[in-house]
Amino acid sequence: MVHARFREILGEAGGNGTVQLTHYQPNELRYTVESAKGGVVAFSEIYYPGWTATVDGKDVPVGRVNYVLRALRVEPGKHEVVLEFRPSSVTATSAVAYGCIFLIFAGFAFGLYRRFRPSKA
């Protein structure tokens, strides 16, 4: 059952096909999807904001079905589906962390300079 919020992007569920997981990493999943009619593909992972999907390299929206599962719409034929977890919060946190590391090293370098600078005799 397609969640009402995602019905516009997913349409109604239906159709047959095969889905095979070809590559697994915690933040990247690759599948081969084959379907004669196309339709909604439901994955056995929990829907969570921050997951993005591409079908044959083109961005597609990720929806939710059966209250908790991720899903997306595919056209008829054989496709490569890539699901990636790249939330903006991780990017922002990384930027802050690298900025702080830079400030720590800059402070350390300034301290060394002040400690060992040539005296003005």
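Predicted model only: the values in this text are computed from it and were never measured.
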Q: Hydrophobic side-chain clustering at under 4.5 Å (ILVMFWY, transitive links): who's grouped with L103? Put none if nobody.
A: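 Besides L103, the hydrophobic cluster comprises F102, listed by chain and residue number.
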Q: With sequence neighbours left out, what residues match E80 under side-chain hydrogen bond (donor to acceptor under 3.5 Å, both in side chains)?
A: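 Scan of E80 (side-chain hydrogen bond (donor to acceptor under 3.5 Å, both in side chains), adjacent residues dropped) gives R30.
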Q: Rounded to the nearest 0.5 Å, how far apart are CZ of F85 and OG1 of T52?
A: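 Between F85 CZ and T52 OG1, I get 10.0 Å after rounding to 0.5 Å.
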Q: Going by the rule salt bridge (charged side-chain N to carboxylate O under 4.0 Å, His left out), which residues pair with E45 if we only count those two or more places apart in sequence or in a different chain?
A: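 For E45, the residues satisfying salt bridge (charged side-chain N to carboxylate O under 4.0 Å, His left out) (neighbours in sequence not counted) are R70.
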Q: What residues, two or more places apart in sequence or in another chain, satisfy side chain to side chain contact (heavy atoms under 4.5 Å, CB included) together with V90?
A: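 Only P87, S94 meet the side chain to side chain contact (heavy atoms under 4.5 Å, CB included) criterion with V90.
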Q: Counting C-beta onward and ignoring hydrogens, is there a side-chain heavy-atom pair between L83 and L72 closer than 4.5 Å?
A: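 They are in contact (side-chain heavy atoms under 4.5 Å apart), so the answer is yes.
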Q: Do the side chains of V62 and V82 join up, straight or via other hydrophobic residues, at under 4.5 Å, putting them in one cluster?
A: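 Different clusters.
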Q: How would you list all residue pairs meeting salt bridge (Lys or Arg N to Asp or Glu O under 4.0 Å) that involve residues 84-110, not counting sequence neighbours?
A: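 Passing the test, one end in residues 84-110: E84-R86.
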Q: Can you name the residues that form a side-chain hydrogen bond (donor to acceptor under 3.5 Å, both in side chains) with N27, not counting sequence neighbours?
A: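 Once residues adjacent in sequence are excluded, N27 has no partner under the side-chain hydrogen bond (donor to acceptor under 3.5 Å, both in side chains) criterion.
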Q: Suppose the criterion is salt bridge (Lys or Arg N to Asp or Glu O under 4.0 Å): which pairs have a residue in residues 106-116, not counting sequence neighbours?
A: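 Residue pairs passing salt bridge (Lys or Arg N to Asp or Glu O under 4.0 Å), neighbours aside: none found.
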Q: What residues join F116 in its hydrophobic cluster, counting side-chain heavy atom gaps under 4.5 Å, either direct or through other members?
A: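 Listed partners: F108, L112.
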Q: Does V81 form a side-chain contact (heavy atoms from CB on, under 4.5 Å) with V41? I'd like the steps, not just the answer.
A: CA-CA 10 Å; V81 174; V41 178; over 6 Å; no
Q: Looking at residues at least two apart in the chain, or sitting in another chain, which of them share a side chain to side chain contact (heavy atoms under 4.5 Å, CB included) with I46?
A: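 Expected list: V68.
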Q: Return each pair, listed once, that meets ring pair (Phe, Tyr, Trp, His ring centres under 6.0 Å) where at least one residue sits in residues 19-38; pairs must be two or more places apart or across chains.
A: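 Every pair satisfying ring pair (Phe, Tyr, Trp, His ring centres under 6.0 Å) with a residue in residues 19-38: Y31-F43.
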Q: Do Y47 and L69 have side chains that approach each other closer than 4.5 Å (heavy atoms only, starting at C-beta)?
A: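 The answer is no, as the side chains (C-beta and beyond) never meet within the 4.5 Å cut-off.
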Q: Taking all non-hydrogen atoms of both residues, which atom of P76 and which atom of A36 are closest, and how far apart?
A: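 Result for this residue pair: CB-O, 3.3 Å.
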Q: Could you pull out all residues at least two apart from T93 that satisfy side chain to side chain contact (heavy atoms under 4.5 Å, CB included)?
A: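 Not a single residue meets the side chain to side chain contact (heavy atoms under 4.5 Å, CB included) criterion with T93.
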Q: Can you tell me how far CZ of R64 sits from OH of Y48, rounded to the nearest 0.5 angstrom?
A: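 Answer rounded to 0.5 Å: 13.0 Å.
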